[in-house]
Amino acid sequence: MRAALPIAPMSLVFGVSFGVLAEAEGLGVLAPIVMSATTFAGSAQFAAISVLETAGGIFAAISAAVLLNARYAPISLTVAPSLGGALPRRLLESQAIVDESWAVAQVGSGRVDRRLLIGAGLTLYACWVGGTTAGVLGGGLLGDPETYGLDAAFPALFLALLIQQLGSRRALAAALAGAGLALVLVPFSSPGVPIIAATAACLVGLWRR
Amino acid sequence: MRNFWIVVAVVGAATVALKSAGPVFLGGRELPALALRVVELLAPALLAALVAVQIFGGDRELVLDARVPGLLAAALALLARAPIVVVVLVAAAATALARALG
């Protein structure tokens, strides 16, 4: 719980804005809430509704969202050693993974702490689904979240967590390569692709120490 | 809107599968040493990419806007060894201020 404290309010407001946006798109009350409860990944959900908004078809909306979430496959690999037990339990606990819970649960050398991951994941889940519900029901009482600078809050969190990761030269090289690869690709690819391509930067780990 | 329910169902199922891929197939087993050397660099690579894209990313273009002062403010707060809550709040406040002034 405590680990998620800095980001829980942000996640709540972000959830509200997703609800407001989805409701304004005429996507109903229930469907946006169900999406937050089952997909539980902000950027992909926003991407899906923005594709629908710009008159893209459902295939385009689905591929944009799935592409954005493709990063969860390599992320889930790093979590695997920390989640034991029977298959249904591993399946369930792995759903606590989102960028923020995974980032705050890092304990060094690429490992995550299971309790931190699940605690932060549950807290963020409650905020995200609760926020979405408030958003579709309450409408635009809150206004545009960008007014509050919300779009800088998450990168600030990631920057703070990144700095704790830069203990070695190889980590620094991977960070620089990841950011560089992503930025170079932004003008030439659909959303999601730069982030996935950036994961290739961890291959610098294959170099001798 | 019936089409949106299809999106909800497919994206939901795909995301559940993606998030559970590692834990389901590997279980609690350790990764081989070579894989571990690669995987331990995933956090810095991905976090740096998220910061870069969320600050400078636009619609298929790179942009400099009110998010940049937010990132600078966050960096200063980190240099001053502020706790993470403060770093996040300072960044949001700087971006909100820059947007209000701009």
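All values below come from the heavy atoms of this structure, side chains included, with hydrogens, waters and symmetry mates left out. Residue numbers begin at 1 in each chain, while the letters A, B, ... track the order of the sequences. Since this is a predicted model, take the numbers as computed values, not measurements.
Within the 4.5 Å cutoff, the side chain of M10(A) has heavy atoms near those of the V88(B) side chain. Considering only heavy atoms from C-beta on, S76(A) stays 4.5 Å or farther from S20(B) through its side chain. Annotation: side chain of P44(B) is in contact with side chain of L162(A) (closest heavy-atom distance under 4.5 Å). Side-chain contact check for F59(A) versus V10(B): every heavy-atom pair is 4.5 Å or farther apart.
Proximity to chain A (any heavy atom under 4.5 Å) is shown, for V24(B), by both the backbone and the side chain. The parts of L50(B) that come within reach of chain A are both its backbone and its side chain, each placing non-hydrogen atoms under 4.5 angstrom from that chain. Contact annotation for F188(A): only backbone heavy atoms (N, CA, C, O) come within less than 4.5 Å of a heavy atom of chain B. For A43(B), the parts lying near chain A are the backbone and the side chain together; criterion is any non-hydrogen pair under 4.5 Å.
Ionic pairing of E40(B) and R170(A) is present here: one or more N-O contacts between side-chain nitrogen and carboxylate oxygen are shorter than 4.0 angstrom.
Of the listed residues (L71(B), L34(B), L42(B)), the one with the most heavy-atom contacts under 4.5 Å to chain A is L42(B).
Put simply, the side chain of R67(B) never gets that close to the backbone of A152(A): no donor and acceptor are under 3.5 Å apart. No donor-acceptor pair under 3.5 Å is formed between the side chain of K19(B) and the backbone N or O of Y72(A). At distances below 3.5 Å, at least one donor-acceptor pair connects side-chain atoms of Q95(A) with backbone N or O atoms of V16(B).
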In residues 176-184 of chain A, what donor-acceptor pairs under 3.5 Å come from side-chain atoms, sequence neighbours left out?
none

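The interface of residues 92-102 of chain B with chain A, defined by heavy-atom distances below 4.5 Å, comprises A92(B), T95(B), A96(B), R99(B).
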